[in-house]
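Structure first, commentary second.
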Number of protein chains: 2
Amino acid sequence: MAKVPPDDLLQTVLRSAPRERLGTTRSRMEDVARLAGVSTATVSRALRQPDRVSPAVRARVDEAVERLSYRRNLMAGALASARSMTIGVIIPSMINSFFSATVEAMEEGLEGSGYQLLIGNSRHSMEIEERLVASVMAWSPAAIVLTGRRHSRETIRMALDADIPIVEMWELSDHPIDTIVGFSQRAAGRIVVRHFAERGARKLGFIGAMLDRDYRAVDRYAGFVEAAAEAGFAPPVEYRFEKRASAIGGSEALRALMAQHPDVDAVFCTNDILALGGLFEAQRQGWSVPGRLRICGFGDLEFAAASEPALTTVRPPRGAIGTKVAEVLLSRLGGKPAGQTIFDLGFELVARGST
Amino acid sequence: MAKVPPDDLLQTVLRSAPRERLGTTRSRMEDVARLAGVSTATVSRALRQPDRVSPAVRARVDEAVERLSYRRNLMAGALASARSMTIGVIIPSMINSFFSATVEAMEEGLEGSGYQLLIGNSRHSMEIEERLVASVMAWSPAAIVLTGRRHSRETIRMALDADIPIVEMWELSDHPIDTIVGFSQRAAGRIVVRHFAERGARKLGFIGAMLDRDYRAVDRYAGFVEAAAEAGFAPPVEYRFEKRASAIGGSEALRALMAQHPDVDAVFCTNDILALGGLFEAQRQGWSVPGRLRICGFGDLEFAAASEPALTTVRPPRGAIGTKVAEVLLSRLGGKPAGQTIFDLGFELVARGST
DNA sequence: TTGAAAGCGCTAACAG
DNA sequence: CTGTTAGCGCTTTCAA
């Protein structure tokens, strides 16, 4: 069995491969094959399914790869196999750290697997989501991850047509496109009512942002209202605004809400950042929290534990969702059958000083 | 000149193209060419450089594309041209909303251009950055965007070798790899000293997180210390910690700093989130802000304007950086020569209640 | 276990 | 302005 050739052959191999189109002398699989004394088919196998070639060949290929500092051209591979090492991920917002945290966890879970995330930002719009899915499809992704369970007809059609694993996340559904990893947003809204009731609240308020597009927030709202009715509360008074959730928005909302309904003594904000603004506003107005007013947020963003008073909030499994999505994906992409397709990761009410 | 054929030819075209490898009947450029009665080369031109084909042909191609709902296979195009419609973007953190905001603005600036961002998260590590650049390179990106001006030797080599536009951002440098869009972090640190001096501060403190890896924060620190000396202050006392910036970290840091140095009356936090924690801690401890203690942050994160007291901070051009990067990229990718390669977008000290 | 050969779907000279 | 002709670099039958 031929050994890896000496250095002068290495030189020859390198020289014989002028790469004019790339600005660079980048070696191709053929160079590796020649240096290792095998065919490109074997190199391909050695690289992707090492157990399907003899140990000796594998070693020679590895050495050749090393010496040429060869890196596979993924585009070519993707074209040939009609499948790329790409995973399309569509999230509604990059700035919102809910999804960033999920994506970070997903990246970590996928680390070393060779899969690359192609991240799209739908800005909470189903139309943009559709466009993003369409353009991601042009990359023949190995899988697609969508946020939420509501998508345009066309998005669903494309996803189904692609015949690849589709994972939805951050919500729950009895009929996921394929697999869904999340928790019940509605239940998250409900639990807040129970907590307020336990703390002796009498008149509930609600503050929400972007409810025309953020369906998860709408679900939390629905759960909140529903549970309030069941618990015998009067219908919660509410203040909503179109713009994305912000501390300033939260401050203004609370001020407006209290001006109109001075009897409110417990407010649920669909987002911790709104609650933060509320906390500051209460301080400015001299409303003691939780004495005069109880405030509960959603998200358990990092500052929630640090605020004064510390913020009671619902903690979604931000990182866990990403980790589980990665796990599901790896399993499916590794060829394992679907198995469980609905993963309820739950949530937790973190009671702190603000209620 | 032949018209677009009637429907039965359309049927034939569709039927004659079995796409078994994809789960789907997805048409190829050849189908479009046949239906439009031209060659694939012409279709390719009509799609990518519409002005280089006759209006009549363009119209027929467009119609054929429409009827077949044809979408170009980008992998194939990228392979053939050794250049993809991808732009690699490496940021140090996804959760940090500095960079998320920049990326969002960049996305908006690139909207409609057909370029897709391939986002990598280096977690503030040059080694990870290097790995990410290497794997992004496998996609033959049209350009690369890096954060900061410090990169590993190998990263720089790969970037240079690729012979594509390389944009660094969020810092300034006299010798960018290619082009740099940002502002002077050092100057940002300096201006805080001037502001503190104007407000009558006498003893300066500094709180920083992750200074072993966040070079931008280190530069701000250096500017702060340098300007403090020039202004005749005693060397600022400091508290640093390894973990990523957080409100809790900020609270703890301030408490520790003040315990050791009760004479400090003005603290610069390298990040608004640290300052937020500081604000809450001051409230808990009963230190009036700005009476007993002045606090200045960096970032002008959204909550800074909403807090009580509102937070004085340095506002970096978060969105503007992304917008400018997109503009530079579009120009360069459109074939225009480099021109200006250093873009100083400046920053602004936003004086509010906390100082 | 390995190799030969035939593409994957598109782009890019180069003629015409 | 348009078509012909070669690939881009890899994967994948199918035989050996």
Side-chain angles (χ1 to χ4, degrees), chain A residues 1-2 17-34 36-61 65 68 70-85 114 137-140 142, chain B residues 1-2 17-34 36-61 65 68 70-85 114 137-140 142:
Chain A
M1 208 164 276
R19 284 276 73 60
E20 294 168 35
R21 306 179 72 188
L22 301 172
T24 287
T25 309
R26 188 168 148 190
S27 46
R28 298 163 308 165
M29 190 176 274
E30 195 189 320
D31 304 326
V32 175
R34 200 177 314 148
V38 297
S39 70
T40 60
T42 299
V43 174
S44 180
R45 278 186 214 108
L47 260 25
R48 304 186 317 139
Q49 315 162 52
D51 2 289
R52 296 175 70 83
V53 299
S54 68
V57 165
R58 197 185 319 154
R60 274 189 294 149
V61 168
V65 164
L68 296 170
Y70 168 72
R71 312 202 89 241
R72 243 157 73 221
N73 180 323
L74 300 183
M75 324 275 324
L79 179 58
S81 65
R83 198 117 299 176
S84 77
M85 291 300 281
M137 285 303 179
W139 294 99
S140 316
Chain B
M1 208 166 271
R19 283 276 71 61
E20 294 169 34
R21 307 181 71 190
L22 300 172
T24 286
T25 307
R26 187 167 149 192
S27 46
R28 296 163 311 165
M29 191 175 274
E30 196 190 320
D31 304 326
V32 175
R34 201 177 313 148
V38 296
S39 70
T40 59
T42 298
V43 174
S44 180
R45 278 186 213 106
L47 260 25
R48 304 185 315 140
Q49 315 162 53
D51 3 290
R52 295 174 69 83
V53 299
S54 69
V57 165
R58 198 185 318 154
R60 273 190 294 148
V61 168
V65 164
L68 297 169
Y70 168 72
R71 311 202 90 243
R72 241 157 75 224
N73 180 324
L74 300 182
M75 324 276 327
L79 179 59
S81 65
R83 196 117 303 174
S84 75
M85 290 299 281
M137 285 303 178
W139 293 99
S140 315

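By convention in this document, chain letters (A, B, ...) are assigned in the order of the sequence lines, proteins followed by strands, and residues within each chain are numbered from 1. Everything numeric in this text was worked out from a predicted model, so none of it was measured.
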Would you indicate, yes or no, if [N] has its OP1 or OP2 atom less than 4.0 angstrom from a side-chain nitrogen or oxygen of [X]?
| X | N | value |
| --- | --- | --- |
| T42(B) | dG3(D) | yes |
| S54(A) | dT2(C) | yes |
| T40(B) | dC10(C) | no |
| S39(B) | dT4(D) | no |

Atom [atom1] of [X] to atom [atom2] of [N]: distance rounded to whole Å?
| X | N | atom1 | atom2 | result |
| --- | --- | --- | --- | --- |
| L79(A) | dC8(C) | CG | P | 9 Å |
| M29(A) | dG7(D) | CE | P | 20 Å |
| R45(B) | dG3(D) | CZ | C1' | 8 Å |
| R28(B) | dT11(C) | CZ | P | 14 Å |
| W139(B) | dC10(D) | CH2 | P | 13 Å |
| E30(B) | dT5(D) | CD | C1' | 14 Å |
| M75(A) | dG7(D) | CE | C1' | 16 Å |
| N73(B) | dG9(D) | CG | P | 17 Å |

From CZ (R83(B)) to CE (M75(A)), nearest 0.5 Å: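 CE of M75(A) is found 11.5 Å from CZ of R83(B).
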Whether R52(B) side chain and R45(B) backbone form a donor-acceptor pair below 3.5 Å: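 No; zero donor-acceptor contacts below 3.5 Å.
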Any donor-acceptor pair under 3.5 Å from S140(B) side chain to S84(B) backbone: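 The answer is no, because no donor-acceptor pair under 3.5 Å joins these two groups.
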Test item: V57(A) and T42(A) side chains (from C-beta on) under 4.5 Å apart, heavy atoms: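 Yes; the side chains approach each other to less than 4.5 Å.
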Flag side-chain contact, heavy atom, 4.5 Å: W139(A) against M85(A):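 They are not in side-chain contact.
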The side chain of [X] is closest to which nucleotide in this list: [options]?
| X | options | result |
| --- | --- | --- |
| V53(A) | dT2(C), dT11(D), dT2(D) | dT2(C) |
| R48(B) | dA12(C), dC1(D), dG3(D) | dA12(C) |
| A80(B) | dT11(C), dT12(D), dT2(C) | dT11(C) |

Position toward the 5' end of DNA chain C (nearest nucleotide), A41(A) or Y70(B):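 Looking at the nearest nucleotide for each, A41(A) comes out on the 5' side.
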Touch class at under 4.0 angstrom, heavy-atom based, for V43(A) against every strand present: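 Nothing: the residue V43(A), judged by heavy atoms under 4.0 Å, touches no strand.
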Sugar-phosphate only, base, or nothing, as touched by R72(A) at under 4.0 Å among non-hydrogen atoms: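 Result for R72(A) = sugar-phosphate.
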Earlier contact from the 5' end, DNA chain D, for R52(B) and L74(A):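 The residue whose closest nucleotide sits nearer the 5' end is R52(B).
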